[in-house]
Amino acid sequence: QVQLVESGGGLVQAGGSLRLSCAASGRTFGNYGMGWFRQAPGKEREFVAAINWSGDNTVYADSVKGRFAVSRDNAKNTVYLQMNSLKPEDTAVYYCAADTTTIFRIPTFPDEYDLWGQGTQVTVSS
């Protein structure tokens, strides 16, 4: 079974940037769509961005569009989330997830993904 491990989180000031990585172990996930979600204290897990298996189609939440960019390198079994112009409201635990079942669309809801990483904390100070 593929295991996902997020890294790259940390503490940054508003306006700064971070790049999150999601690395797969066990086997390749090159045939899976991948998504990024985040969850702040007291809030539900929300969709951030997703990318299809080949990396040529992406979807973004309106709240991050124009600031975040998702990409993948299947040769490295790694998905990235570049986060620019960070805001305090971006503070959350960020999770990567794999969609092993859907085709012809990119899921945007947590229950549409079936493999999850442990999360990495992103804190943006004002």
Side-chain angles (χ1 to χ4, degrees):
Q1 178 67 277
V2 174
Q3 295 182 330
L4 306 177
V5 180
E6 302 94 337
S7 63
L11 174 64
V12 298
Q13 292 189 334
S17 297
L18 284 173
R19 188 179 74 159
L20 306 183
S21 297
C22 175
S25 62
R27 59 175 177 159
T28 181
F29 57 59
N31 60 334
Y32 296 159
M34 299 293 297
W36 286 96
F37 294 80
R38 65 188 183 187
Q39 188 166 21
K43 299 184 67 177
E44 295 183 349
R45 190 165 298 186
E46 66 173 343
F47 172 76
V48 176
I51 187 167
N52 73 335
W53 70 271
S54 61
D56 57 357
N57 289 104
T58 57
V59 178
Y60 297 93
D62 288 342
S63 60
V64 306
K65 194 173 300 181
R67 299 188 297 120
F68 291 9
V70 61
S71 61
R72 67 191 299 164
D73 186 340
N74 288 344
K76 297 180 179 179
N77 279 349
T78 303
V79 178
Y80 305 96
L81 183 67
Q82 179 66 46
M83 305 185 296
N84 300 321
S85 301
L86 283 163
K87 305 174 181 179
E89 51 263 45
D90 294 319
T91 295
V93 176
Y94 282 71
Y95 300 89
C96 67
D99 162 31
T100 68
T101 61
T102 61
I103 56 174
F104 305 124
R105 68 182 180 92
I106 300 178
T108 57
F109 294 96
D111 61 3
E112 296 180 296
Y113 290 81
D114 46 17
L115 294 174
W116 292 84
Q118 298 182 78
T120 185
Q121 177 70 47
V122 172
T123 302
V124 185
S125 62
S126 60

Worksheet item: Is a side-chain N or O of N57 found less than 3.5 angstrom from the main chain of N52, in a donor-acceptor match?
Response: no
Worksheet item: Is M83 close to V64 at the side-chain level, that is, under 4.5 Å between some pair of heavy atoms?
Response: no
Worksheet item: Of all heavy-atom pairs between I106 and A50, which one has the smallest distance, and what is that distance?
Response: CG2-CB, 3.3 Å
Worksheet item: Under a single-linkage definition using a 4.5 Å side-chain heavy-atom cutoff for Ile, Leu, Val, Met, Phe, Trp and Tyr, are F68 and V12 assigned to the same hydrophobic cluster?
Response: yes
Discussion item. Please say yes or no: joined through hydrophobic side-chain contacts below 4.5 Å, possibly via intermediate residues, are L18 and V70 part of one cluster?
Written reply: yes
Practice prompt. Could you pull out the closest heavy-atom pair between G33 and R72, with the gap in Å?
Written response: CA-NH1, 4.0 Å
Worksheet entry | Step-by-step side chain to side chain contact (heavy atoms under 4.5 Å, CB included) determination, R38 to S63 | CA-CA 12 Å; R38 65 188 183 187; S63 60; 3.5 Å; yes
Fill in: Non-hydrogen atoms of L20 and W36 that approach each other most closely
CB-CH2, 3.7 Å
Practice prompt. For Y60, enumerate each residue passing the ring-ring contact (aromatic ring centres under 6.0 Å, His included) test, keeping only those at least two apart in sequence or located in another chain.
Written response: none
Worksheet item: Does Y113 belong to the same Ile/Leu/Val/Met/Phe/Trp/Tyr cluster as I51, with side-chain heavy atoms less than 4.5 Å apart forming each link?
Response: no
Worksheet item: Can you hop from F109 to L4 via hydrophobic side chains spaced under 4.5 Å?
Response: no
Worksheet item: Atom CG in L86, atom CG in N84: separation rounded to 0.5 Å?
Response: 7.5 Å
Practice prompt. Assess whether atom CD of Q121 is packed by more than 12 heavy atoms of other residues, nucleotides or ligands within 6.0 Å.
Written response: yes
Response to the item:
Heavy-atom closest pair (E112 atom, T108 atom, distance to 0.1 Å) is OE1-N, 3.1 Å
Worksheet item: If you round to the nearest 0.5 Å, how far is OG1 of T101 from OH of Y32?
Response: 10.0 Å
Fill in: Q118, CD: over 12 other non-hydrogen atoms inside 6.0 angstrom
no
Discussion item. Just so I know, are the side chains of V79 and C96 near enough to count as touching, which here means a heavy-atom distance under 4.5 Å?
Written reply: no
Item to complete: Could you label the plane-to-plane angle of the W116 and F37 rings as parallel, tilted or perpendicular, counting under 30° as parallel and over 60° as perpendicular?
Response: tilted
Practice prompt. Calculate, to the nearest 0.5 Å, the distance between atoms OG and CD belonging to S126 and E89 respectively.
Written response: 10.0 Å
Fill in: Closest non-hydrogen atom pair between A98 and D114, with its separation
O-OD1, 3.0 Å
Discussion item. Are M34 and V93 linked, directly or through intermediate hydrophobic residues, by side-chain heavy-atom contacts shorter than 4.5 Å (ILVMFWY only)?
Written reply: no
Worksheet item: Can you name the closest pair of heavy atoms from S85 and D90 and give their distance?
Response: O-OD2, 4.4 Å
Worksheet item: Looking at side-chain heavy atoms only, is the closest gap between Q39 and P110 below 4.5 Å?
Response: no
Worksheet item: Looking at side-chain heavy atoms only, is the closest gap between Y94 and E6 below 4.5 Å?
Response: no
Worksheet item: Going from CG on D99 to CG on N31, what distance comes out if it is rounded to the nearest 0.5 angstrom?
Response: 10.0 Å
